[in-house]
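Structure incoming, see below.
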Amino acid sequence: MPGMDTDVIDTLVGIKPGSALDAIRNRRPDARNQAQASYRALFAPENPGEVAATERFAVAAFVTGLHGGTETAAFYASGLAASGASAELRRAIDAAIAAAGGQGPYGAYPAGPLSREDTTGPIHRVAAETRRTLGPRLAAAFDHMHLLVFHPRDAAPAALQALLDAGWSTTGIVTLSQIAAFLSFQIRVVAGLRALAGAG
């Protein structure tokens with residue numbers, strides 16, 4: 001697990017100083033710096049508030065596991081272990097990932113021209129045994145993350161209420177949403193840079 005000052009995207013892609021990909025990223029230094037600052041703000045904040053480091057990395061491990069990027073998922077799994085998560089919790093997260101896999105995106109658009117792209121798919125709920133180990137907060141967070149990854153069209157107020165009922169505050173829910181959005185961005189950047197590396 002690299003330190004917080006080590007550029008995470010560079011680490012995940014394997015970018016070396018002075019390489020062609022390093023030069024590409026240096027063309028947009030603000031974007032590069034902001035991506036790293038976002039990572040630090042979400043996973044090593046000066047004031048973590050009510051969302052503990054273990055919860056942040058647990059959500060990240062689950063989301064990246066759903067996306068299927070081996071290196072990125074391993075990175076956040078390592079961060080989860082470093083945060084002090086127990087072996088039992090890590091096994092429960094692995095079980096949750098294995099049970100929640102899918103293709104997506106699923107869901108329905110409002111009635112109109114896009115309705116022809118509506119796709120039905122499973123609505124995931126963490127299994128009871130896994131839920132007992134995760135606890136109500138993480139179990140609800142995982143259900144919500146699955147919705148955002150595979151059913152973004154189906155996001156509705158009821159989904160947020162499930163988080164509130166599990167003990168998440170509105171501030172905590174914002175943090176979860178920020179983590180989901182950041183990981184979606186990071187995964188795509190990493191995939192794009194790896195594609196460039198393969199084409200070079």
Side-chain angles (χ1 to χ4, degrees), residues 1-85 89-90 93 97 104-105 137-138 141-142 144-152 155 160 163 168-200:
M1 185 73 187
M4 286 292 164
D5 291 330
T6 302
D7 190 287
V8 174
I9 290 175
D10 284 358
T11 298
L12 292 173
V13 180
I15 296 175
K16 304 299 183 184
S19 66
L21 288 182
D22 186 45
I24 289 172
R25 294 204 72 202
N26 277 334
R27 293 175 190 169
R28 300 186 63 190
D30 288 345
R32 189 176 202 170
N33 292 336
Q34 288 167 7
Q36 184 63 19
S38 294
Y39 171 77
R40 286 196 299 269
L42 290 170
F43 295 101
E46 292 183 6
N47 179 14
E50 66 179 64
V51 187
T54 296
E55 291 179 315
R56 292 168 187 263
F57 278 102
V59 169
F62 181 72
V63 170
T64 54
L66 293 183
H67 279 280
T70 304
E71 294 85 354
T72 306
F75 175 85
Y76 285 102
S78 175
L80 176 65
S83 76
L89 176 59
R90 299 199 304 274
I93 293 170
I97 293 168
R137 277 170 60 94
L138 275 181
F142 284 14
H144 190 70
M145 290 300 107
H146 189 275
L147 181 74
L148 295 182
V149 172
F150 290 119
H151 286 266
L160 298 180
L163 290 171
W168 292 94
S169 70
T170 53
T171 301
I173 292 171
V174 169
T175 298
L176 290 177
S177 298
Q178 289 173 330
I179 289 172
F182 171 75
L183 291 172
S184 178
F185 156 78
Q186 186 185 64
I187 288 165
R188 284 161 176 76
V189 169
V190 167
L193 289 169
R194 284 190 180 141
L196 287 174

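Just so you know, these numbers come straight off a predicted model, no measurement behind them.
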What I'd like to find out is whether the side chain of T175 reaches to under 4.5 Å of the side chain of W168, using heavy atoms alone.
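Not touching, per the 4.5 Å side-chain cut-off.
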Could you label the plane-to-plane angle of the Y39 and F182 rings as parallel, tilted or perpendicular, counting under 30° as parallel and over 60° as perpendicular?
tilted
What distance separates L138 CG from T54 OG1, expressed to the nearest 0.5 Å?
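Spacing of CG (L138) from OG1 (T54) equals 9.0 Å.
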Under the side-chain contact (heavy atoms from CB on, under 4.5 Å) criterion, do R194 and L21 qualify, and how do the steps go?
CA-CA 9 Å; R194 284 190 180 141; L21 288 182; over 6 Å; no
What is the minimum heavy-atom distance between F62 and H146, and which atoms define it?
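Nearest pair, atom of F62 first, then H146: CE2-N, 4.2 Å.
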Let me confirm one number: the CG-OG1 distance from L163 to T170, rounded to the nearest 0.5 Å.
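So the CG of L163 and the OG1 of T170 are separated by 11.5 Å.
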Should I9 and R32 count as side-chain neighbours, where that means a heavy-atom distance under 4.5 Å?
no
T64 side chain to A60 main-chain N or O, any donor-acceptor pair under 3.5 Å?
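Confirmed, T64 side chain pairs with A60 backbone.
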Distance from R25 atom CZ to N33 atom CG, nearest 0.5 Å?
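Those atoms lie 9.0 Å apart.
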Looking at every non-hydrogen atom in both residues, tell me the closest pair between F57 and S83 and how far apart they are.
CD1-CB, 4.3 Å
Should V59 and E55 be marked as a side-chain contact (heavy atoms from CB on, under 4.5 Å) after you check the CA-CA gap, both sets of side-chain angles, and the distance that decides it?
CA-CA 6 Å; V59 169; E55 291 179 315; 5.5 Å; no
Using modelled atom types and a 3.5 Å cut-off, is there a donor and acceptor pairing between side-chain atoms of R188 and backbone atoms of S184?
yes
Q186 to T72 - nearest heavy-atom pair and separation
OE1-CG2, 4.3 Å
With rounding to the nearest 0.5 angstrom, report the CD1 to CG distance, I24 to L193.
7.5 Å
Contact check, side chains of V8 and F43, non-hydrogen atoms, under 4.5 Å:
no
Nearest heavy-atom contact between D7 and Q36 is CA-OE1, 3.3 Å
Can you measure from CG (L66) to CG (L183) and round to the nearest 0.5 angstrom?
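It is 10.5 Å, given to the nearest 0.5 Å.
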Mind listing the closest non-hydrogen atom pair of R90 and A85 along with its distance?
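Scanning both residues, the minimum pair turns out to be NH1-O, 2.7 Å.
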S177 (side chain) donor-acceptor with I173 (main chain) under 3.5 angstrom:
yes
If only atom types and distance count, is the side chain of S78 paired as donor or acceptor with the main-chain N or O of A74 below 3.5 Å?
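A pair under 3.5 Å: no.
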Where is the tightest heavy-atom contact between S169 and E50, given as atom of each residue plus distance?
OG-OE1, 2.6 Å
Out of curiosity, R56 CZ to L176 CG, how far, rounded to the nearest 0.5 Å?
9.0 Å
